[in-house]
K.L.:
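Quick one: structure below, then a few questions.
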Amino acid sequence: MQTEIAERLLEWYDQHARSLPWRKRDPDPYAVWVSESMLQQTRVETVIPYYERWMARFPTLAALASAGEQDVLQAWEGLGYYSRARNLHRAARQVMERFAGRLPADRAALESLPGIGRYTAGAIASIAFGLDEPALDGNIRRVYARLFDVEVPARSPDGEKRLWDLAAKNLPAGRAGDFNQALMDLGASVCTPRSPSCRLCPLNGSCRAFALGVQEERPVLTARAPIPHYTVTAAVLHRNGSVLIARRPSRGLLGGLWEFPGGKVEAGETLPQGLAREIREELGADIEVGQPVGVYQHAFTHFRITLHAFHCRLAAGEPRPLEASELRWVTPADLGQFPMGKVDRRISKELVRPESQGDEF
DNA sequence: TATTCGTGGGA
DNA sequence: TTCCCAAGAAT
């Protein structure tokens, strides 16, 4: 049956649906999957240009599966949460093996793939395959917390269960994909986190929080942890017009991306304990720390850093050639080929500035 | 179950 | 400046 909420929301959606590149009459499941992966914790406006480039570069699931991981990470550079790209890539290869190259039209099967959790499985199932599956993202969570005045913290186990139950209970049969997307559009444009436009909301007559005047108090938030501050250094090691970069471990922070060698230090240190030793062991030469390139302050969601970058060079002598190593000598012109996080990309661009080239020291 | 994972934008 | 947080998932 169709609830009054669904009826009014779908009517609103017919008039106000945003036009987005991945929204089509007969959606390509792969395209929906790509968009949902990119949209995890990321705004629509940020995703659109990445989505367009991605679909031009990897037009099909098979094309993605046959691509190399470095190319995949390169296409993702700047979007953040890089495990999404690695999981998308891994999952594409699994789909080729396990599902004959076709994304399964089944919630549980979707959720068995890396990078597809409860939300994304519901979104793909409903949007791409027309199945009656609920989805609960940040927007929908907020809309339901207000509509039904959910007083428990939304991110608590109890709150999550209540909200998923609401998402399932209010789902209209037949148009679940439109309904889920309508809830997300409503949350993004009307039922916003702060100063919601309740006067324009098609559901204001059904909204308990609006009736009680507590829209801004819903959803109930939980306190967030204090943000640590780290001091980090990076070595810009020059030799014969090239610089040394290192590939980060494939898991964890910026996994699989390249960086200028360095890491966390105690305040006042120039290079991390161990880096000089690693360089010496890999290259057979001592590293000499020279002039600072710059100081970079960066605030991330969960931590802050102050990064000190230094021009460095090797002591006299011929360094060993690198083979099968996580280290590479790269010319400034080639640095763009290596996927990097924001901070290291910024440092790499400083290198190609005329006044920063050469081995001034 | 609580943490860990980026980046950019808005108030 | 500071805080929040945006189509979450993995561990």
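Quick note on labels: first sequence line is chain A, next is B, and so on, each numbered from 1. Predicted model, so just to flag it, every value in this text is computed and none were measured. Because only heavy atoms are used, hydrogens play no part in the values below, and waters and symmetry mates are left out as well, while side chains stay in.
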K.L.:
Can you measure A/Tyr119 atom OH to C/dA6 atom P for me and round it to whole angstrom units?
P.N.:
13 Å
K.L.:
Going from CZ on A/Arg251 to OG on A/Ser83, what distance comes out if it is rounded to the nearest 0.5 angstrom?
P.N.:
10.0 Å
K.L.:
How many Å lie between CG on A/Leu39 and C1' on C/dC5, as a whole number?
P.N.:
15 Å
K.L.:
Please state how far atom CZ in A/Arg304 lies from atom C1' in B/dC5, giving the value in whole angstrom units.
P.N.:
17 Å
K.L.:
Want to settle it: does A/Arg251 or A/Asp185 sit nearer the 5' end of DNA chain C, counting the closest nucleotide to each?
P.N.:
A/Asp185
K.L.:
Closest approach to the side chain of A/Tyr81, judged atom by atom: which nucleotide of B/dT7, C/dA9, B/dC5 is it?
P.N.:
B/dC5
K.L.:
Using a 4.0 Å heavy-atom cut-off across all strands, classify A/Trp76 as base, sugar-phosphate, or nothing.
P.N.:
nothing
K.L.:
If you check every side-chain atom of A/Gln40, which of C/dA9, B/dT7, C/dC5 has the closest atom?
P.N.:
C/dA9
K.L.:
Is the phosphate of C/dA10, meaning OP1 or OP2, less than 4.0 Å from a side-chain N or O of A/Arg84?
P.N.:
no
K.L.:
Return the OG1 to OH distance between A/Thr42 and A/Tyr51, rounded to the nearest 0.5 Å.
P.N.:
15.5 Å
K.L.:
Is the A/Trp33 ring parallel, tilted or perpendicular to the A/Tyr30 ring (thresholds 30°, 60°)?
P.N.:
perpendicular
K.L.:
Side chain of A/Thr42 only, heavy atoms from C-beta on: which candidate in B/dT1, B/dG6, B/dC5 is closest?
P.N.:
B/dG6
K.L.:
What nucleic acid atoms does A/Gly78 come within less than 4.0 Å of, heavy atoms only: base, sugar-phosphate, or nothing?
P.N.:
sugar-phosphate
K.L.:
Let me know, please, whether A/Ala121 or A/Arg43 comes out on the 5' side of the other along DNA chain C by nearest nucleotide.
P.N.:
A/Arg43
K.L.:
Would you please confirm or rule out a distance under 4.0 Å between OP1 or OP2 of C/dA9 and any side-chain N or O of A/Thr120?
P.N.:
yes
K.L.:
Taking the nucleotide of DNA chain B with the closest heavy atom to each, which residue, A/Leu79 or A/Ser195, is nearer the 5' end?
P.N.:
A/Leu79
K.L.:
State whether A/Tyr82 places a side-chain N or O below 4.0 Å from either non-bridging phosphate oxygen (OP1 or OP2) of B/dT7.
P.N.:
yes
K.L.:
Rounding to a whole Å, what distance do you find between A/Arg142:CZ and C/dC5:P?
P.N.:
9 Å
K.L.:
Please compare A/Leu253 and A/Pro157 by the position of their nearest nucleotide in DNA chain B and report the one closer to 5'.
P.N.:
A/Pro157
K.L.:
A/Leu110 has an atom CG; how far is it from atom P of C/dG8, in whole Å?
P.N.:
17 Å
K.L.:
If we take the P atom in both C/dT11 and B/dG6, what is their distance in whole Å?
P.N.:
14 Å
K.L.:
Ignoring backbone atoms, test whether A/Arg224 places a side-chain nitrogen or oxygen under 4.0 Å from the OP1 or OP2 oxygen of C/dC4.
P.N.:
yes
K.L.:
Check whether A/Arg162 reaches the backbone of A/Val150 with its side chain - one donor and one acceptor, N or O, closer than 3.5 Å.
P.N.:
no
K.L.:
Do A/Gln297 and A/Thr306 get their side chains close enough for a donor-acceptor pair, meaning under 3.5 Å?
P.N.:
yes
K.L.:
A/Ile227 has an atom CD1; how far is it from atom P of B/dC5, in whole Å?
P.N.:
14 Å
K.L.:
Name the orientation class of the two ring planes belonging to A/Phe338 and A/Trp258 (parallel below 30°, tilted from 30 to 60°, perpendicular beyond 60°).
P.N.:
perpendicular
K.L.:
Figure out the CZ/P separation between A/Arg194 and C/dT2, and round it to whole Å.
P.N.:
17 Å
K.L.:
Return the value, rounded to whole Å, for the distance between atom CD of A/Glu216 and atom P of B/dA11.
P.N.:
13 Å
K.L.:
A/Gly341 near the nucleic acid: base, sugar-phosphate alone, or nothing, with a heavy-atom cut-off under 4.0 Å?
P.N.:
sugar-phosphate
